[in-house]
Amino acid sequence: MSKDIGIDLGTASVLVYVKGKGIVLNEPSVVALDKNTGKLLQVGADAQAMLGRTPGNIIAIRPLREGVISDYDMTERMLREFIRKVAGFSFFKPRVIICIPSGITEVEERAVIDAGIQAGARKVYLIEEPVAAAIGAGIDIAKPDGHMVVDIGGGTADIAVISLSGVVESASIKVAGDQLNEAVVKYMRRKHNLLVGERTAESMKIKIGCVFPKDEEETLDVKGRCLLTGLPKIITVSSTEMMDAFEEPVERIMEAIHSVLERTPPELVADISTNGIVMTGGGSLVSGFDKLVAARTGIHTVVAEDAISCVALGTGKSLDELNNMQDGTQNLSRRRQMN
Ligand SMILES: Nc1ncnc2c1ncn2[C@@H]1O[C@H](COP(=O)(O)OP(=O)(O)O)[C@@H](O)[C@H]1O
Ligand SMILES: [Mg+2]
């Protein structure tokens, strides 16, 4: 029997949904290879452990870093490994739905489809990330009723207004969780003369980071290298400082949300103000993001339950529709929009 598969090809992680089973794989989108032979050594979590710790002949890379396929060959190999892991050596090739950012070009779309086919899929369908996120968040998107989804991932933030199962207005910017980490690294250097690594910055973000004032200030002792002495040093950082550090990237995300609202037809804006805004993706888990969006837009905002898995769950739910689809369909979201 062939198993249909839904894939959330995220910049930070890949989640794979198998029909009838649910999410069966959740691994970082990282590959490690031997530089000399080009041989693939590891994918996913095993490759992640190698990032920043490789000897000269091994490189570990994140092929989707900025939301699109920046390294096509690596993406294809990574997909092939993941598909092989979940499909095993089945005689039938699976049909695969892959989730893509809404801002993707036709060339990039083609690259994703080719990567899926090369990776062993019988047929590849695409679905736009915010559409999958909305379905995964349990929103009934088939009605003529406007919903806004803000998905903040690792490399991209996708904002979309959805009605009648299609994307009416959207924006995709290359500012998301990764850029918040980078902002922390810069802040620590500028304010404290302390050099911290990206992983430290990420854990600071997760532990004490916030984008809206917390009820109670939190602090964390952070280890790094003092830029003045070159020696290890510990600095205590507060959640208020984290808010300062995040200011620039967070403002860019807020501007993108605002610009999508501005371009949205008035009837749909009215719907959104009734239905509220739904946030998904790992980046939306930074403390206070929902409060900030609500404060700036005046629209009730919630972070979806299971925010990190929403997109994968949405691709999974759309697998049920594959049999009702015309042959030749490739982009599920755009097909719906034309109906
Ligand atoms: N609890 C958390 N608090 C804040 N940020 C988080 C949390 N968990 C994950 N993240 C961030 O979410 C981002 C990854 O989100 P994800 O939706 O998995 O991305 P993508 O869809 O691009 O693969 C990373 O930047 C990560 O640091
Ligand atoms: Mg994502």
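Numbering of ligands and ligand atoms starts at 1, following listing order. Note that the structure is a prediction, hence the values are computed from the model and not measured. Residue numbers start at 1 and run along the sequence shown.
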For atom 2 (C) of ligand 1, what is the nearest protein heavy atom, given as residue, atom name and distance? Leu285 CB, 3.6 Å
Straight-line distance of Glu218 CD to Ser287 OG, nearest 0.5 Å: 7.5 Å
How far is atom 21 (O) of ligand 1 from the closest protein heavy atom, and which atom is that? Gly10 CA, 3.8 Å
Quick check on contacts: which atoms of ligand 1 are under 4.0 angstrom from a heavy atom of Asp178? 25 (O)
Protein contact of atom 18 (O) of ligand 1 - nearest heavy atom, named by residue and atom, plus distance: Ser13 OG, 3.3 Å
Donor-acceptor pair, side chain of Lys205 and main chain of Gly177, under 3.5 angstrom: yes
Can you sort out which atoms of ligand 1 are near Ala12, meaning under 4.0 Å from one of its heavy atoms? 14 (C), 19 (O), 20 (P), 22 (O), 23 (O)
Find all atoms of ligand 1 within a distance of less than 4.0 Å from any non-hydrogen atom belonging to Gly177, and give their numbers and elements. 25 (O)
With respect to Ile98, which candidate in Asp8, Val112, Val14 satisfies the side chain to side chain contact (heavy atoms under 4.5 Å, CB included) definition? Val112
Polar side chain donor-acceptor pair, Thr301 to Asp290, under 3.5 angstrom: no
Any side-chain heavy-atom pair of Ile208 and Thr219 under 4.5 Å: no
4.5 Å side-chain heavy-atom contact, Val150 and Ser284: no
Do Glu202 and Arg199 sit within salt-bridge range, that is, some charged N less than 4.0 Å from a carboxylate O? no
Can a salt bridge be assigned to the pair Glu81 and Arg77 using a cut-off of 4.0 Å between side-chain N and carboxylate O? no
Less than 2.8 Å from the Mg ion (ligand 2) is the window; count the protein N, O or S atoms in it. 1
Gly283 N/O under 3.5 Å from ligand 1 N/O: yes
Return a yes/no value for Ile206: is any of its N or O atoms, backbone included, closer than 3.5 angstrom to an N or O of ligand 1? no
How far is atom 26 (C) of ligand 1 from the closest protein heavy atom, and which atom is that? Glu202 OE2, 3.2 Å
Counting from 1, what ligand 1 atoms have a heavy atom of Gly281 closer than 4.0 Å? 17 (O)
Contacts under 3.5 angstrom, residues 231-238 side chains, donor-acceptor by atom type, not counting sequence neighbours:
| residue | atom | partner | partner atom | Å |
| --- | --- | --- | --- | --- |
| Thr236 | OG1 | Asp221 | OD1 | 2.8 |
| Ser238 | OG | Glu241 | N | 3.2 |

Quick one: CD1 on Ile152 to CZ on Phe289, what's the gap to the nearest 0.5 Å? 3.5 Å
Considering both backbone and side-chain atoms of Gly154, is one of its nitrogen or oxygen atoms within less than 3.5 Å of a nitrogen or oxygen in ligand 1? yes
Any N or O on Asp151 sitting closer than 3.5 Å to an N or O of ligand 1? no
Protein contact of atom 13 (C) of ligand 1 - nearest heavy atom, named by residue and atom, plus distance: Gly153 O, 3.7 Å
Taking both backbone and side-chain atoms of Asn181, is any N or O found less than 3.5 Å from an N or O belonging to ligand 1? no
So, taking the atom named CZ in Arg62 and the one named OG in Ser29, what distance separates them when rounded to the nearest 0.5 Å? 6.5 Å
Among all the protein's non-hydrogen atoms, which is closest to atom 5 (N) of ligand 1, and how far away is it? Gly282 O, 3.4 Å
Regarding Arg296 and Glu251, does a basic nitrogen lie under 4.0 Å from an acidic carboxylate oxygen? yes
Do you know the tightest heavy-atom contact between Ser239 and Cys210? O-SG, 3.5 Å
To the nearest 0.5 Å, tell me how far Thr75 OG1 sits from Ile61 CD1. 8.0 Å
Should Thr11 be counted as touching ligand 1, given the test is an N or O pair under 3.5 Å? yes
